[in-house]
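Both ligands and their constituent atoms are indexed starting at 1 by order of listing.
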Amino acid sequence: MDANIVWHEEAVTAAEREQQNGHPGFVLWFTGLSGSGKSTLANAVDRYFHEHGYQSYVLDGDNVRHGLNQDLGFSPEDREENIRRIGEVAHLFVKAGTIVSTAFISPYESDRAKARALLPEGRFIEVFVDCPLETCEERDPKGLYKKARAGEIPSFTGINAPYEPPRQPEVTLKTGEGTGEENVKELVDKLTPFL
Ligand SMILES: Nc1ncnc2c1ncn2[C@@H]1O[C@H](COP(=O)(O)OS(=O)(=O)O)[C@@H](OP(=O)(O)O)[C@H]1O
Ligand SMILES: Nc1ncnc2c1ncn2[C@@H]1O[C@H](COP(=O)(O)OP(=O)(O)O)[C@@H](O)[C@H]1O
């Protein structure tokens with residue numbers, strides 16, 4: 001960073017915003033394979049928050065890659081930069097007093113740890129969307145696994161690019177069985193201490 005860039009103190013503090021909103025801001029960091037259910041669950045829990053009067057928003061991998069991160073691909077370096085930017089944006093949302101759900105594969109433990117490190121203790125809740133690769137591949141909602149198996153996508157997570165599962169996520173949702181509704185209820189129950 002340029003040495004001539006000087007931080008300007010914000011007039012309205014995060015604590016004041018949270019007091020006005022009546023709840024804390026925090027990140028729900030969904031991570032998991034493509035097709036595991038990140039977007040479905042992040043949007044469902046966001047719907048729950050919205051209907052119960054919380055300030056909330058979803059940052060979704062596919063959508064953010066249409067705009068802010070449209071310059072990035074799927075090399076390890078680009079994924080790292082993707083997650084670095086999302087970590088920063090999620091941090092801004094938390095400072096604005098919002099509950100932000102991020103739905104990115106975020107395959108590397110080190111990148112998730114850096115995103116976590118930006119937030120105060122307890123404000124980064126890692127949600128492992130735990131679904132067997134075979135089930136994700138059976139679902140294949142966008143036909144991407146089929147393309148990857150056919151050799152048309154060079155570095156597809158789970159097929160020919162790595163996914164490092166979280167070692168100590170705050171929440172693990174098993175999405176290979178049951179319904180998304182059950183997972184959302186389980187998640188909301190686990191979030192009660194944070195709300
Ligand atoms: N090579 C490769 N590997 C994985 N995924 C791919 C790839 N190419 C395109 N897609 C589509 O991009 C979505 C993943 O983007 P993310 O930003 O979440 O990925 S990452 O966190 O940077 O790894 C992912 O969306 P989800 O299925 O919602 O996870 C895919 O639709
Ligand atoms: N328990 C579950 N949780 C979430 N999604 C599920 C579940 N069971 C089946 N699905 C289906 O799996 C697919 C997951 O897709 P999506 O949410 O886009 O995953 P991701 O964002 O991880 O790529 C959806 O078609 C969804 O309806």
Side-chain angles (χ1 to χ4, degrees), residues 27-48 57-91 93 100-116 118 124 126-166 169 171-191:
V27 183
L28 277 183
W29 190 280
F30 292 80
T31 172
L33 293 169
S34 177
S36 59
K38 302 180 298 296
S39 300
T40 303
L41 297 178
N43 277 282
V45 77
D46 191 54
R47 165 64 51 197
Y48 172 91
Y57 195 65
V58 177
L59 296 171
D60 184 275
D62 278 321
N63 297 356
V64 172
R65 280 175 176 277
H66 273 87
L68 177 67
N69 290 353
Q70 62 183 205
D71 56 324
L72 301 176
F74 290 91
S75 65
E77 296 74 23
D78 278 10
R79 290 184 200 247
E80 180 181 357
E81 175 60 10
N82 185 35
I83 298 311
R84 188 193 69 79
R85 291 183 198 171
I86 298 315
E88 293 287 351
V89 174
H91 184 200
F93 270 88
V100 58
S101 298
T102 63
F104 293 79
I105 296 176
S106 43
Y108 298 115
E109 178 83 43
S110 58
D111 296 340
R112 297 192 301 264
K114 284 182 207 158
R116 179 188 287 274
L118 296 173
F124 183 96
E126 193 170 19
V127 181
F128 179 27
V129 185
D130 186 8
C131 185
L133 175 64
E134 306 75 65
T135 309
C136 295
E137 200 166 349
E138 270 164 34
R139 289 178 184 161
D140 206 5
K142 301 167 205 158
L144 296 177
Y145 282 99
K146 194 159 173 258
K147 279 193 188 169
R149 289 287 185 199
E152 291 168 30
I153 308 179
S155 313
F156 197 77
T157 307
I159 306 297
N160 41 20
Y163 178 76
E164 300 170 0
V171 182
T172 297
L173 299 175
K174 298 264 182 198
T175 56
E177 63 241 29
T179 64
E181 288 81 47
E182 285 162 351
N183 293 124
V184 172
K185 187 177 177 316
E186 189 185 346
L187 178 57
V188 168
D189 287 347
K190 287 188 176 156
L191 289 176

**Message:** Within the 4.5 Å heavy-atom criterion, are F74 and P154 side-chain neighbours or not?
**Reply:** no
**Message:** Using 30° and 60° as the class boundaries, would you call the ring planes of Y57 and F93 parallel, tilted or perpendicular?
**Reply:** parallel
**Message:** T40 versus ligand 2: do any nitrogen or oxygen atoms come within less than 3.5 Å of each other?
**Reply:** yes
Every pair of nitrogen or oxygen atoms between ligand 1 and the protein that is under 3.5 angstrom apart - can you list them with their distances to 0.1 Å?
residue: ligand 1; atom: 1 (N); partner: S155; partner atom: O; Å: 2.7
residue: ligand 1; atom: 3 (N); partner: R79; partner atom: NH2; Å: 3.2
residue: ligand 1; atom: 3 (N); partner: T157; partner atom: N; Å: 3.4
residue: ligand 1; atom: 15 (O); partner: R65; partner atom: NE; Å: 3.3
residue: ligand 1; atom: 17 (O); partner: R65; partner atom: NE; Å: 2.8
residue: ligand 1; atom: 17 (O); partner: N82; partner atom: ND2; Å: 2.7
residue: ligand 1; atom: 18 (O); partner: I105; partner atom: N; Å: 2.9
residue: ligand 1; atom: 21 (O); partner: I105; partner atom: N; Å: 3.4
residue: ligand 1; atom: 21 (O); partner: S106; partner atom: N; Å: 2.8
residue: ligand 1; atom: 22 (O); partner: R65; partner atom: NH2; Å: 3.0
residue: ligand 1; atom: 22 (O); partner: N82; partner atom: ND2; Å: 2.8
residue: ligand 1; atom: 23 (O); partner: R79; partner atom: NH1; Å: 2.8
residue: ligand 1; atom: 25 (O); partner: D62; partner atom: OD2; Å: 3.4
residue: ligand 1; atom: 25 (O); partner: K142; partner atom: NZ; Å: 3.1
residue: ligand 1; atom: 27 (O); partner: S34; partner atom: OG; Å: 2.6
residue: ligand 1; atom: 27 (O); partner: K142; partner atom: NZ; Å: 2.8
residue: ligand 1; atom: 28 (O); partner: K142; partner atom: NZ; Å: 3.0
residue: ligand 1; atom: 29 (O); partner: K38; partner atom: NZ; Å: 2.9
residue: ligand 1; atom: 31 (O); partner: D62; partner atom: OD1; Å: 3.3
residue: ligand 1; atom: 31 (O); partner: K142; partner atom: NZ; Å: 2.9

**Request:** Would you give the length of the straight line joining atom OH of Y145 to atom CZ of R139, rounded to the nearest 0.5 angstrom?
**Result:** 9.5 Å
**Complete:** Under 4.0 Å between heavy atoms, the region of L33 that gets near ligand 2 turns out to be backbone
**Asked** Taking distance alone, with no angle check, do L41 and ligand 2 share an N/O pair under 3.5 Å?
**Response** no
**Request:** Please identify each residue that fulfils salt bridge (charged side-chain N to carboxylate O under 4.0 Å, His left out) with D78, with sequence neighbours left out.
**Result:** none
**Message:** Measuring from atom CD of E77 to atom CZ of R84, what distance do you get when rounded to the nearest 0.5 angstrom?
**Reply:** 14.0 Å
**Request:** Run the numbers for me: atoms of ligand 2, each under 4.0 Å from some heavy atom of S34, listed by number.
**Result:** 23 (O)
**Message:** Polar contacts were defined as any N/O atom of the residue lying under 3.5 Å from an N/O atom of the ligand; does this apply to K174 and ligand 2?
**Reply:** no
**Main-chain N/O of A148 paired with E152 side-chain donor or acceptor, under 3.5 Å** = no
**Asked** Is R85 salt-bridged to E81, going by a charged N under 4.0 Å from an acidic O?
**Response** yes
**Prompt:** Counting each atom of ligand 2 from 1 as listed, which ones have a heavy atom of T179 under 4.0 Å away?
**Reply:** 1 (N)
**Request:** Could you check atom 7 (C) of ligand 2 against the protein and tell me its nearest heavy-atom contact, residue, atom and distance included?
**Result:** R139 NH2, 3.6 Å
**Asked** Which protein non-hydrogen atom lies closest to atom 1 (N) of ligand 2, naming both residue and atom, and how far is it?
**Response** N183 OD1, 2.7 Å
**Prompt:** Can a non-hydrogen atom of S36 be found less than 4.0 Å from any atom of ligand 2?
**Reply:** yes
**Prompt:** Any Lys/Arg nitrogen of R149 or D140 sitting under 4.0 Å from an Asp/Glu carboxylate oxygen of the other?
**Reply:** no
**Message:** Taking 4.0 angstrom as the limit and counting only heavy atoms of G180, give me the atoms of ligand 2 inside it, by number and element.
**Reply:** 1 (N), 2 (C), 3 (N)
**Asked** Do R112 and E164 meet the salt-bridge criterion of a basic N to acidic O distance under 4.0 Å?
**Response** no
**Item:** salt bridge (charged side-chain N to carboxylate O under 4.0 Å, His left out) assessment of E181 paired with K185
**Value:** CA-CA 6 Å; E181 288 81 47; K185 187 177 177 316; over 6 Å; no
**Request:** First locate atom CG of N82, then atom CG of N69, and finally report the distance between them rounded to the nearest 0.5 Å.
**Result:** 4.5 Å
**Asked** How about K174: does its NZ atom have over 12 heavy atoms from other parts shown lying under 6.0 Å from it?
**Response** no
**Top protein contact for atom 18 (O) of ligand 2, by heavy-atom distance** = S39 CB, 3.9 Å
**Prompt:** Where on V129 is there a heavy atom closer than 4.0 Å to ligand 2, on the side chain, on the backbone, on both, or on neither?
**Reply:** neither
**Prompt:** How far is atom 14 (C) of ligand 2 from its nearest protein heavy atom, and which residue and atom name does that atom have?
**Reply:** G35 O, 3.6 Å
**Prompt:** Does one side chain, of D60 or S39, offer a donor that lies under 3.5 Å from an acceptor on the other?
**Reply:** yes
**Asked** Among G37, G32, P141, which one has a heavy atom closest to atom 19 (O) of ligand 2?
**Response** G37
